[in-house]
Enquirer: 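Submitted below is the structure of interest, expressed as structure tokens.
We use all heavy atoms of the structure for the numbers below, so side chains are in, but hydrogens, waters and symmetry mates are not.
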Amino acid sequence: MTESAKETLRQAALFYHEFPKPGKLEIRATKPLANGRDLSRAYSPGVAEACLEIKANPADAARYTAKGNLVAVVSNGTAVLGLGNIGALASKPVMEGKAVLFKKFANIDCFDLEVDESDPEKLADIVCALGPTFGAINLEDIKAPDCFIVEKICRERMNIPVFHDDQHGTAIVVGAAATNALHVAKKAWGDIKVVSTGGGAAGIACLNMLVKLGVKRENIWLCDIHGLVYEGRAEDMNPQKAAFAQPSDLRALDDVIDGADLFLGLSGPGVLKPEQVAKMAKRPIVFALANPTPEIMPDLAREVAPDAIIATGRSDFPNQVNNVLCFPFIFRGALDVGATEINDAMEVACVEGIAALARATTSAEAAAAYAGEQLTFGADYLIPKPFDPRLSGVVSTAVARAAMETGVATRPVQDLKAYKAHLDASVYKSALLMRPVFQAARTASRKIVFAEGEDERVLRAAQAILEETTEQPILIGRPEVIAHRCERMGLNIGPDKGLEIVNPENDPRYRDYWGTYHELMARRGVTPDLARAIMRTNTTAIGAVMVHRGEADSLICGTFGEFRWHLNYVTQVLGSQRHRPNGALSMMILEDGPLFLADTHVSALPTPEQLAETAIGAARHARRFGVEPRIAFCSQSQFGNQAEGSGKRLRDAIALLDAMRTDFQYEGEMNVDAALDPELRDRLLPGGRLEGVANVLIFGHADAASATRNILKMKAGGLEVGPILMGMGNRAHVVTPGITTRGLLNMAAIAGTPVAHYG
């Protein structure tokens, strides 16, 4: 990297830390404090009630305070990253960053505590004195051997988890990577020879972890800056190193590397030479984890051992050993069961959970975050990526289970399956609201045809459908393209692996399909030749014909292209007197709950009749998600103050509803702020028939509905489920090009719901 590029990166990093406000953390209140009543509950006199409850039962601190979800990240700055002993104050950006990772990946709140104390026993005293504040302690960047002393004292004196991430976090991720490396190399723990460089905290912890996993202690050869750690050596020794001393006359790394199966480096740059890699066993495993420059660069290792399995600590090579795969989730599981410590069984459970995820099919979210990388289990993909959203559910649940089984959980989880579902819901914002839809979809096994079957999102969604539902996906696309892309993405599906494929270029049903399409469209200007051409090229029309013929139950299309273009073919083939599109409904999942918007796509200027139908359909769909509908008709006009325009059409729609027997609340027409603010609405129209905050907004213009949808998605972090095509009896849904794999899975669940549930 050039000096100019380095300076650019430096300035970008400094700008990131300084703006728009200094630092990476802030504190926010979780309860309202808007009036005197709130104040009397938050502080005096109401706060005394919580204090007395905790005095009577200290465990209630987890009920009435943030303690149960609060971790202290503690450092004295004596061994910071690759920076060394830079002091407590200079370490603060790192500790703030650690706290941000806790929040981002596991929703754990943190205080970073930089303590200006170099004496390990005094530092331990300070940490122990902070016990009443925190649910767990994460020790960070404390030099060896002081870190061993601090951790030992804190573990003995504190009744909450104490975890030195530089030791145990590194060891857990190394353990997971090594587990899968042995799987790829077809070697066993009890048979391998391990050579390690680096006798610091992380190196010793990694060796202890390998022993827990099955490596024989006599097969571990530890070297440091002075050479081999051997029995009788006096120079730079401590009890932790001595535990791995070998009874040997050998003295140097070059002497002991011969025949090694696994090299584990936590030392410094260039320690391992290519000629030493050449001495290792067949299919050598090289973990060169020094940062930023590893013990050997991967390309140099592969020059002498092309079949080597390599991991580093860097993000620009495959298999980055990154502690963020571990510490948020081991703490999440420990906190949730009120663990009094993090023990060996919990650490091993973490290892096994991380390793198992890498061997499973890669998640769509991880693939999107790491676009262009090969995320298929093998030599270049031993451990999952940090942004794999499954980590929380899988790893934290495994840790919680281990804590309960070993008797260190003070608040055991009664239903681990429900606990995992809760963790997944915290990652997938749609999971909780989609649960009743998925449950309804499981009552029948419906066939869902995807028009754009070669799309990567569709392929990943098909994998998830087969894993998580009883539905059968049908993909329209070229089999060889689908097979190639499934293999490239590491999916265990394909044309001969559970997928039904319709090949538009060569399918035995082609004559039947174009004949059906021509029969439907013969008096609308479609000739036989045109019907043949459309059934070769238009996958949306092919999917619609399949639904019409009963070969599929529902069609999902629109992952690329324009909504109305797809809707045109859906309506041509599947439209009837009974089934006609009357609106598109989008559910936006926001921080404070769901908000439904309609009509976002179908009718640019809906009539009163269409608006009334849209409201009825929206109410029915809201209930499918467990939401009792409160519908507001939204316009620039407010309760009749504008005679014409959208206000008049909305008033006419309300009149139509008034003449029907509806079973949901509705009101209008009104501005959006009145719909969402009951107090404002009551001032404008006292005694109105809508109670509380509206959760369904019906607009008089598609432009207004679509704009609101996009603003909520882009500026408020709203997650869209939909658009749901109403009026077609669940026989077709047209999505939008921005839809994700998770969005397609959600739409498949909606499409997979039997009509009896659909209404």
Side-chain angles (χ1 to χ4, degrees), residues 17-18 21-30 58 61-62 65-170 201-202 205 323-324 326-332 334-335 338-342:
H17 281 80
E18 185 176 1
K21 60 190 299 185
K24 300 189 285 282
L25 294 172
E26 67 179 10
I27 295 174
R28 293 188 180 187
T30 61
T65 75
K67 176 181 170 71
N69 193 51
L70 190 61
V71 169
V73 178
V74 182
S75 180
N76 62 2
T78 54
V80 179
L81 295 174
L83 305 176
N85 187 352
I86 61 174
L89 179 59
S91 75
K92 188 171 180 64
V94 176
M95 304 313 133
E96 279 192 359
K98 192 67 175 280
V100 169
L101 297 179
F102 267 113
K103 188 66 177 177
K104 168 65 179 178
F105 291 104
N107 197 29
I108 293 172
D109 297 315
C110 283
F111 286 137
D112 61 291
L113 302 176
E114 296 75 33
V115 184
D116 190 10
E117 178 55 71
S118 58
D119 184 298
E121 294 188 3
K122 290 181 180 179
L123 178 58
D125 287 340
I126 293 169
V127 175
C128 291
L130 294 168
T133 300
F134 298 101
I137 304 292
N138 183 101
L139 300 174
E140 190 78 13
D141 292 350
I142 302 169
K143 70 181 178 70
D146 293 0
C147 58
F148 300 119
I149 299 170
V150 175
E151 184 193 28
K152 182 175 185 295
I153 294 172
C154 291
R155 280 181 176 250
E156 289 173 351
R157 289 170 50 185
M158 303 183 81
N159 199 37
I160 58 176
V162 177
F163 187 79
H164 185 206
D165 188 45
D166 301 308
Q167 290 183 65
H168 308 297
T170 303
N323 289 11
V324 78
C326 161
F327 70 82
F329 314 113
I330 198 167
F331 274 97
R332 179 74 279 157
L335 288 169
T340 56
E341 66 177 14
I342 292 175

Enquirer: Between Glu114 and Ser75, is any pair of side-chain heavy atoms under 4.5 Å apart?
Expert: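 They are not in side-chain contact.
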
Enquirer: For Glu151, which residues count as a salt bridge (charged side-chain N to carboxylate O under 4.0 Å, His left out) partner, sequence neighbours excluded?
Expert: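 Once residues adjacent in sequence are excluded, the partners of Glu151 under the salt bridge (charged side-chain N to carboxylate O under 4.0 Å, His left out) criterion are Arg155.
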
Enquirer: Would Thr78 and Asn85 count as having a side-chain donor-acceptor pair, cut-off 3.5 Å?
Expert: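 Note: Thr78 and Asn85 side chains miss the donor-acceptor criterion.
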
Enquirer: How far apart are the C-alpha atoms of Phe111 and Ile27, what are their side-chain angles, what is the distance that settles it, and do they pass the side-chain contact (heavy atoms from CB on, under 4.5 Å) test?
Expert: CA-CA 10 Å; Phe111 286 137; Ile27 295 174; 3.7 Å; yes

Enquirer: Using every non-hydrogen atom in the two residues, find where Asn138 and Phe102 come nearest and quote the distance to one decimal.
Expert: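 Shortest heavy-atom contact: OD1-CZ, 3.9 Å.
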
Enquirer: Taking atom NZ of Lys67 and atom CG of Asp109, what is their separation to the nearest 0.5 Å?
Expert: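 Rounded to the nearest 0.5 Å, the NZ-CG separation comes to 14.0 Å.
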
Enquirer: With sequence neighbours excluded, give me every side chain to side chain donor-acceptor pair (under 3.5 Å) pair touching residues 121-136.
Expert: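 Every pair satisfying side chain to side chain donor-acceptor pair (under 3.5 Å) with a residue in residues 121-136: Asp125-Arg157.
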
Enquirer: For Arg332 and Ile108: C-alpha separation, side-chain torsions, deciding distance, then whether side-chain contact (heavy atoms from CB on, under 4.5 Å) applies.
Expert: CA-CA 7 Å; Arg332 179 74 279 157; Ile108 293 172; 3.3 Å; yes

Enquirer: Once rounded to the nearest 0.5 Å, what's the spacing between atom CD1 of Ile160 and atom CD of Glu341?
Expert: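 Between atom CD1 of Ile160 and atom CD of Glu341 there are 12.0 Å.
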
Enquirer: Which residues pass the ring pair (Phe, Tyr, Trp, His ring centres under 6.0 Å) test with Phe163, not counting sequence neighbours?
Expert: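 With sequence neighbours excluded, Phe163 shows a ring pair (Phe, Tyr, Trp, His ring centres under 6.0 Å) to His168, Phe331, given in chain and number order.
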
Enquirer: Checking side-chain contact (heavy atoms from CB on, under 4.5 Å) for the pair Glu140/Asp166: CA distance, chi angles, key distance, verdict?
Expert: CA-CA 6 Å; Glu140 190 78 13; Asp166 301 308; 3.7 Å; yes

Enquirer: Does any N or O in the side chain of Asp112 come within less than 3.5 Å of the main-chain N or O of Ser91, such that one atom is a donor and the other an acceptor?
Expert: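 Checking the backbone N and O of Ser91 against the side chain of Asp112, no donor-acceptor pair under 3.5 Å is found.
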
Enquirer: Determine the minimum heavy-atom distance between Ala201 and Ala144, stating which atoms define it.
Expert: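 It is N-CB, 3.8 Å.
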
Enquirer: Using modelled atom types only, decide if a donor and an acceptor are shared between the side chain of Asn76 and the backbone of Leu123 within a distance under 3.5 Å.
Expert: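 A pair under 3.5 Å: no.
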
Enquirer: When you compare the side chain of Leu335 with that of Val71, does any pair of heavy atoms fall below 4.5 Å?
Expert: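 Val71 vs Leu335: side chains touch.
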
Enquirer: Mind running side-chain contact (heavy atoms from CB on, under 4.5 Å) on Leu25 and Lys103 for me, showing each step along the way?
Expert: CA-CA 10 Å; Leu25 294 172; Lys103 188 66 177 177; over 6 Å; no

Enquirer: For Met95 versus Val73, what's the shortest heavy-atom pair and its separation?
Expert: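 So the minimum-distance heavy-atom pair works out to SD-CG1, 3.8 Å.
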
Enquirer: Of all the heavy-atom pairs spanning Pro161 and Ala334, show the shortest one and how long it is.
Expert: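 Heavy atoms only, the tightest pair is CG-CB, 4.1 Å.
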
Enquirer: If you measure from CG on Asn69 to CG on Asn107, what distance do you get to the nearest 0.5 Å?
Expert: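 The distance works out to 6.0 Å.
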
Enquirer: Can you find a heavy atom in the side chain of Gln167 that is under 4.5 Å from one in the side chain of Phe148?
Expert: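 With C-beta onward as the side chain, the pair touches.
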
Enquirer: Does Glu96 reach the main-chain N or O of Lys24 with its side chain, forming a donor-acceptor pair under 3.5 Å?
Expert: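 Pair found, side chain donor or acceptor close to backbone of Lys24.
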
Enquirer: To check you understand the geometry: which heavy-atom pair defines the closest contact between Cys110 and Leu70, and what is its length?
Expert: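 For Cys110 and Leu70, the tightest heavy-atom pair comes out as N-CD1, 4.1 Å.
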
